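These numbers come from the heavy atoms of this one structure, side chains and all, not from hydrogens, waters or symmetry mates. Everything quoted here is computed from the prediction, not taken from an experiment.
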Amino acid sequence: QVQLVESGGGLVQTGGSLRLSCAASGRTFTNYVLGWFRQAPGKDREFVAAINPSGGLISSGDAVKGRFTLSRDNAKNTVYLQMGSLNPADTAVYYCAAKTTWYNVPSARLYDYWGQGTQVTVSS
């Protein structure tokens, strides 16, 4: 089992920034691909970004490219999502997820473990 706990969500104005963190415990952190997804009310869960175990591979969704940066600190068992140039369309619950392969990282159904989510609200 891998336990994932997100933090760092909150309310921010358009154009602002936030950094989300996802702390992992349980199995060996460096065995896992870590991904971020988001879900707005009434919408499907959307892929945000994913990072491979070494941190050398990153995949980002089109909606966040150039604005969000993903990184991981394997010594702290934590992955970070730095979000910038936020706008109301970024409002959602953000979830951290983990799986062991890099295959098809945008597919939420392929992730084995999920956190509880953290709310991000961007005001206009």
**OP:** Please step through side chain to side chain contact (heavy atoms under 4.5 Å, CB included) for the pair Leu34 and Leu4, ending with a clear verdict.
**Re:** CA-CA 10 Å; Leu34 276 295; Leu4 302 170; 4.2 Å; yes
**OP:** Measure across Trp36 and Cys22 and return the closest heavy-atom pair with its distance rounded to 0.1 Å.
**Re:** CZ2-CB, 3.6 Å
Subject >> Positive for side-chain contact (heavy atoms from CB on, under 4.5 Å) with Lys99, one of Asn31, Asp112, Asn104, Val2 >> reply: Asp112
**OP:** Heavy atoms only: give me the nearest Ser123-Leu11 pair and the separation to one decimal.
**Re:** CB-CD1, 4.2 Å
Original post:
With a 4.5 Å limit on heavy-atom distance, are the side chains of Asp90 and Phe68 in contact?
Top reply: yes
Original post:
Roughly how far, to the nearest 0.5 Å, is CD1 of Ile51 from CH2 of Trp102?
Top reply: 7.5 Å
**OP:** Indicate the atoms forming the closest heavy-atom contact of Ser17 with Gln82, along with that distance.
**Re:** CB-NE2, 4.1 Å
Original post:
What residues form a side-chain contact (heavy atoms from CB on, under 4.5 Å) with Lys43, not counting sequence neighbours?
Top reply: Ala40
**OP:** Determine, using the 4.5 Å side-chain heavy-atom cutoff (strictly less than), whether Val93 and Leu86 are members of one ILVMFWY cluster.
**Re:** no
Original post:
What pair of heavy atoms forms the shortest contact from Val33 to Ala50, and how long is it?
Top reply: CG1-CB, 4.4 Å
**OP:** Treat each ILVMFWY residue as a node, draw an edge where side-chain heavy atoms are under 4.5 Å apart, and state whether Val5 and Val48 are in one component.
**Re:** no
**OP:** Locate the shortest heavy-atom distance separating Glu6 from Cys96; write the atom from each residue and the value.
**Re:** OE2-N, 2.8 Å
**OP:** Find out whether Pro88 and Thr14 are in side-chain contact, i.e. whether some heavy atom of one side chain is under 4.5 Å from a heavy atom of the other.
**Re:** yes
Subject >> ring pair (Phe, Tyr, Trp, His ring centres under 6.0 Å) partner of Phe37, chosen from Trp114, Tyr95, Tyr94 >> reply: Trp114
Original post:
Other than Leu110, which residues form its hydrophobic cluster under the rule that side-chain heavy atoms must be closer than 4.5 Å?
Top reply: Tyr103
Original post:
Of all heavy-atom pairs between Ala63 and Glu46, which one has the smallest distance, and what is that distance?
Top reply: CB-OE2, 3.7 Å
Original post:
Does some side-chain heavy atom of Asn87 sit less than 4.5 Å from a side-chain heavy atom of Arg67?
Top reply: yes
**OP:** Would you mind reporting whether Leu20 and Arg38 have side-chain heavy atoms less than 4.5 Å apart?
**Re:** no
When the side chains of residues 69-81 are checked against the rest of the protein, which donor-acceptor pairs come out under 3.5 Å, sequence neighbours left out?
residue, atom, partner, partner atom, Å
Arg72, NE, Pro53, O, 3.4
Arg72, NE, Asn74, OD1, 2.8
Arg72, NH1, Tyr32, O, 2.9
Arg72, NH1, Asn52, O, 2.8
Arg72, NH2, Phe29, O, 3.1
Arg72, NH2, Tyr32, O, 3.2
Arg72, NH2, Asn74, OD1, 3.4
Asp73, OD1, Ala75, N, 3.1
Asp73, OD1, Lys76, N, 3.4
Asn74, ND2, Pro53, O, 3.0
Thr78, OG1, Lys76, O, 2.8

Original post:
Do Arg45 and Gln39 have a side chain donor and acceptor closer than 3.5 Å?
Top reply: yes
